Amino acid sequence: MAIDSTSTTIEQLLTPERIGPYDGAGRLAVVAMSGGVDSAVTALIMRERGYRVVGMNLRLFSPADPVHSVNPCCGIPAMDDARATCQVIGVPFYAINMEAEFGEAVIERFVNEYAEGRTPNPCLECNRHVKFTHLVHRAKLLGADCLATGHYARILHDGDRHSLHRAIDARKDQSYVLHTLSPEQLAFIQFPLGNLTKPEVRQLARHFGLPVADKEESQEICFVGKSSYADFVAKRRPDVTKPGQIVDEAGIALGEHQGLVHHTVGQRRGIRVAGPSPLYVLQLDTGTNQLVVGPRDRAVASVITADDISFTDGSWPDLPFEADAVVRYRGVPSPCRIVPGARGEAVVSLTGDASTRPIASPGQAIVFYLQDEVLGGGTIRTVEREAATIGQSAKGAQ
RNA sequence: UGGCGAGUGGUGAAACGGUAUCACAGAGGCCUUUGGAGCCUUUGUUUCAGGUUCGAAUCCUGGCUCGCCAG
């Protein structure tokens, strides 16, 4: 209610405290335009703050693909929306082709990860490799002073130190998928929506007559669309839909699955095995093509090994330290102890009470927080669950 | 085949002779720039044929099916 759109005036929103300093002074800002409200308002804000704005839309996959006609995020209609928005705001619009980069960094990786029995996060990879690597590079080639995107997160600057923080709108906070950012990237990037709430962003969009003001949120994987991601993967790796056994931790067969690609650790629905209590996926065993399931309390993680870890300050810690771990977009933070290994690798012990520990899936990101600040994060490689129940098969963790 | 026991939604179970209940699975919705979780709603059941009874999942008889025990 307090967060409702009508409670704040446009004048109150257009202050430096909410949208950032009016420091443009004619400098060039490239704005990544997805076609949605968030990026549209981002472009608007940068213009208001005195920047020369160029709106850029990324073409990420082939327009011949029929998913383009339905997808609201990265398809052809989305590009039209982005173009129309730029027209209303009065800034130039560029469409650039990043199909090759996206195909390699996101789609190929996505398919490979599933084929390995892991659960990838393509949005994160797109941020990491496409938006904040290739797009940043393009922006710099154009002589831009910054790249602005519509992500909900905050970057704070203290001299040479640039830190990444949660957005003030906890409901929309996207810092989880931004944890890969380096100090150099944080110095160049701007997130003008980090101090606004979603209703406020829509309020701004409506006030300035942006055509996308009331556009629905995008969801689902952009290059897959509303159809099944499993079908998408299966088209490229037919073996991922090979049926196999569903077994419990003791190895007793409970049923048959229609391909490991349909499952992820922690999943409950869709197992199609009835029992006295709900069954959760504990493990995907690509070696035996078996799906290991068990009760919920057997699924919670105790120790996670991760790789591809980076820290937002660019450093690598020498000593173990404590932080909060988040293993899922919008997930609940869980206290942990991080023991760094070789650069990029660490062993993370979840130190909280078992009932509060999360269920973690290999392939997903683990992100470290200290209050609102993102320290860094990496990719979950292995998950140890509770110590195996005495007397039961030791097949559990691995 | 002889003896015993059991048959309740797709699955596992509950119901002094008195509204067939619960969990899991399935469906729909909320949530959500990944995949899961979670929350709300919802479809669907008494093995068959007779009988007793105001009233049968429940008691009786028979059939069928499935288990266990049978030198």
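Note that these values count all heavy atoms, side chains included, but never hydrogens, waters or copies made by symmetry. It should be emphasised that the depicted structure is a prediction, and the values quoted were computed from it without experimental measurement. In what follows, chains are A, B, ... by sequence order, proteins preceding strands, each numbered from 1.
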rC59(B) - base-pair partner by Watson-Crick or wobble geometry, distances under 3.5 Å: rG51(B)
Co-members of the apolar cluster containing Val303(A) [side chain, <4.5 Å]: Val347(A)
Contacts of type side chain to side chain donor-acceptor pair (under 3.5 Å), residue Thr356(A), not counting sequence neighbours: none
Residue-level proximity of residues 100-118 of chain A to RNA chain B when a heavy atom falls under 4.0 Å: Tyr114(A)
ring-ring contact (aromatic ring centres under 6.0 Å, His included) involving His165(A) - partner list, sequence neighbours excluded: none
Any pair counted as salt bridge (charged side-chain N to carboxylate O under 4.0 Å, His left out), so long as it reaches residues 11-33 of chain A, sequence neighbours left out: Arg18(A)-Glu200(A), Asp23(A)-Arg27(A), Asp23(A)-Arg49(A)
All pairs passing salt bridge (charged side-chain N to carboxylate O under 4.0 Å, His left out) where residues 265-282 of chain A contributes a residue, at least two apart: none
Contacts of type side chain to side chain donor-acceptor pair (under 3.5 Å), residue His134(A), not counting sequence neighbours: none
Residue pair Phe208(A), Val88(A): steps toward the side-chain contact (heavy atoms from CB on, under 4.5 Å) verdict: CA-CA 9 Å; Phe208(A) 285 93; Val88(A) 170; over 6 Å; no
Sugar-phosphate only, base, or nothing, as touched by Gln174(A) at under 4.0 Å among non-hydrogen atoms: base
Distance below 4.0 Å between Lys172(A) side-chain N/O and rU33(B) OP1 or OP2: yes
Sugar-phosphate only, base, or nothing, as touched by Lys131(A) at under 4.0 Å among non-hydrogen atoms: nothing
Sequence-distant partners of Thr264(A), side chain to side chain donor-acceptor pair (under 3.5 Å), two or more places apart: Thr119(A)
Nucleotide-resolved protein contact map, nucleotides 22-30 of chain B, B/S/- at heavy-atom distance under 4.0 Å: -SBSSB---
Residue pairs passing the salt bridge (charged side-chain N to carboxylate O under 4.0 Å, His left out) test where at least one lies in residues 346-358 of chain A, sequence neighbours excluded: Arg357(A)-Glu386(A)
Strand contacts (RNA chain B) in residues 345-356 of chain A, 4.0 angstrom heavy-atom criterion: none
Along RNA chain B (nearest heavy atom to each residue), the more 5'-positioned of Val177(A) and Ile359(A): Val177(A)
Out of rG35(B), rU33(B), rG36(B), whichever nucleotide has its closest atom nearest the side chain of Glu217(A): rU33(B)
Side chain of Arg171(A) (C-beta onward), nearest among rA37(B), rG35(B), rC31(B): rC31(B)
Distance, P atom - from rG51(B) to rA56(B), rounded to whole angstrom: 12 Å
Sugar-phosphate, base or nothing in reach of His151(A), heavy atoms under 4.0 Å: base
Sequence neighbours excluded, every pair satisfying salt bridge (charged side-chain N to carboxylate O under 4.0 Å, His left out) that has a member inside residues 329-351 of chain A: Glu322(A)-Arg337(A)
